[in-house]
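Here the structure is laid out as structure tokens; the discussion comes afterwards.
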Amino acid sequence: MIRNPVPWPNGAKCAACFTLDMDAESLLHLAHPQRAHSMVSAASMLRYGPDVAVPRILDTYRHYGIRQTFFVPGWCAERYPYAVEAMVREGHEVSAHGYMHEHPNEQSDADERHWLLRSLSAVQSVTGAPSAGWRAPLYRFSHRSAELLLEAGVTYDASLMGDDIPYLIETPRGTLLELPSHWGMDDWPPFMHSSELEFEMPIQSAARAWEAWWEEFEAMWEFGGLWVPVWHPFLSGRLARWRHTHRMIGKMLDKGQVWFAPMRDIAAHVRACMANGTWAPRTEQPLTLPRAASGTEFAVPPAEETRR
Ligand SMILES: [Zn+2]
């Protein structure tokens with residue numbers, strides 16, 4: 001079903017990386033800059049991430065001997081350096097995820113470049129190393145992002161949803177490696193409920209949420225894909241949910257032939273396969289739709305053009 005599966009290391013059937021986006025109260029400051037300081041309960045829900053969930057998550061990874069990836073907004077790295085330092089100390093990857101969780105595709109050209117660089121430098125000031133990767137806050141990758149990331153020396157992106165396996169995005173500046181996931185792997189739909197953040201979903205049990213994630217895992221395992229949950233410590237790191245995940249990681253390891261690795265190692269493996277000719281990814285050309293002429297409604301292209 002996957003036409004061009006990646007030859008994963010040591011004959012692994014699939015690659016797997018839990019990506020935990022430690023957004024903390026950046027979400028609140030972005031949504032309610034004037035009122036965030038007085039939204040104490042919502043702040044406590046978000047602060048549960050760095051203060052309670054991250055140590056728990058790190059314990060599980062240590063228990064199983066796996067290294068994974070965290071994406072952290074620059075402001076959160078500055079505010080919770082102890083959480084980020086603990087991730088780094090234990091050998092996990094920490095890469096950047098905006099500065100205050102701002103949305104690149106709603107910014108001007110200059111603003112996107114400014115906040116990308118500020119995000120990267122803030123994360124580096126705490127981790128001591130440049131970010132290997134990037135995930136755009138709320139997947140809000142812009143038509144400029146690929147080029148800006150290459151310009152900034154970022155080696156892979158994890159914001160897009162265009163395949164089950166890594167692929168390349170072509171730009172005039174070169175190709176950016178994409179390590180994709182999708183909304184079905186995100187923990188907001190099953191777990192997020194917050195009137196303050198205007199995202200109110202019927203909360204599911206961990207077992208029910210994992211039913212879907214396990215189906216995704218089995219399919220990736222069967223066909224050689226890349227399994228990447230897009231999770232958040234303040235949601236998936238809650239007690240019953242993480243207890244369930246702790247058991248499920250054991251189940252995945254028992255199944256065997258799964259390559260758990262940080263995203264930076266997955267990116268390096270893919271680049272190495274490309275260099276030694278053992279695998280070639282699909283390349284995606286244009287990222288953008290044609291722009292509507294200013295002052296006009298966007299017109300649906302004629303049928304002829306749609307078919308091409
Ligand atoms: Zn985020």
Side-chain angles (χ1 to χ4, degrees), residues 17-33 36 39 42-54 57 68-81 83-84 87 92-107 111-112 115-116 118-120 122-123 126-127 131-142 145 148-149 154 156-161 178-194 196-201 209 213 228-238 241-242 262-264:
C17 183
F18 289 91
T19 59
L20 272 292
D21 299 357
M22 195 190 81
D23 295 336
E25 303 107 303
S26 64
L27 301 174
L28 212 52
H29 288 292
L30 186 74
H32 304 288
M39 301 171 87
S44 74
M45 172 186 75
L46 295 163
R47 202 177 300 140
Y48 184 97
D51 284 345
V52 180
V54 166
I57 291 164
Q68 299 288 270
T69 294
F70 293 87
F71 289 104
V72 180
W75 179 87
C76 300
E78 290 170 344
R79 183 167 173 82
Y80 298 104
V84 171
M87 296 164 188
H92 303 291
E93 174 190 0
V94 179
S95 278
H97 182 51
Y99 182 74
M100 191 62 86
H101 214 269
E102 64 284 350
H103 301 159
N105 68 356
E106 293 164 16
Q107 293 179 315
D111 280 355
E112 181 174 2
W115 291 106
L116 169 64
R118 179 144 181 208
S119 161
L120 292 169
V123 171
V126 180
T127 63
S131 283
W134 165 266
R135 173 171 289 141
L138 208 52
Y139 308 111
R140 301 290 172 88
F141 196 91
S142 86
S145 299
L148 288 175
L149 291 168
V154 171
Y156 74 86
D157 174 72
S159 315
L160 304 183
M161 309 188 182
E178 177 62 36
L179 302 181
S181 190
H182 65 101
W183 268 109
M185 296 296 293
D186 196 298
D187 62 0
W188 275 52
F191 294 153
M192 181 57 165
H193 184 97
S194 164
E196 293 91 342
L197 290 165
E198 291 164 5
F199 198 95
E200 296 178 76
M201 298 296 284
W213 294 325
V228 179
V230 181
W231 290 3
H232 303 80
F234 82 93
L235 292 173
S236 286
R238 282 271 165 188
R241 296 167 187 167
W242 196 257
M263 299 286 264
R264 66 178 174 216

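We count ligands from 1, going down the list as the structure has it; atoms in each ligand are counted the same way.
Remark: R238 is not positioned above the aromatic ring of F191, lacking an NZ or CZ atom under 6.0 angstrom from the ring centre and at most 45 degrees off the axis.
The shortest non-hydrogen separation linking P50 to L46 is CD-O, 3.6 Å. Taking both residues in full, the closest heavy atoms of W188 and M201 are given as O-CG, 4.1 Å, listed atom of the first, atom of the second, then distance.
The aromatic rings of F199 and W183 lie parallel to each other, with less than 30° between the two planes, well short of the 60° mark.
Sorting the N, O or S atoms of H97 by how far they are from the Zn ion (ligand 1) puts NE2 first.
The nearest N, O or S atom of D21 is not closer to the Zn ion (ligand 1) than 2.8 Å. Under 2.8 Å from the Zn ion (ligand 1) lies an N/O/S atom of H101, whether from backbone or side chain.
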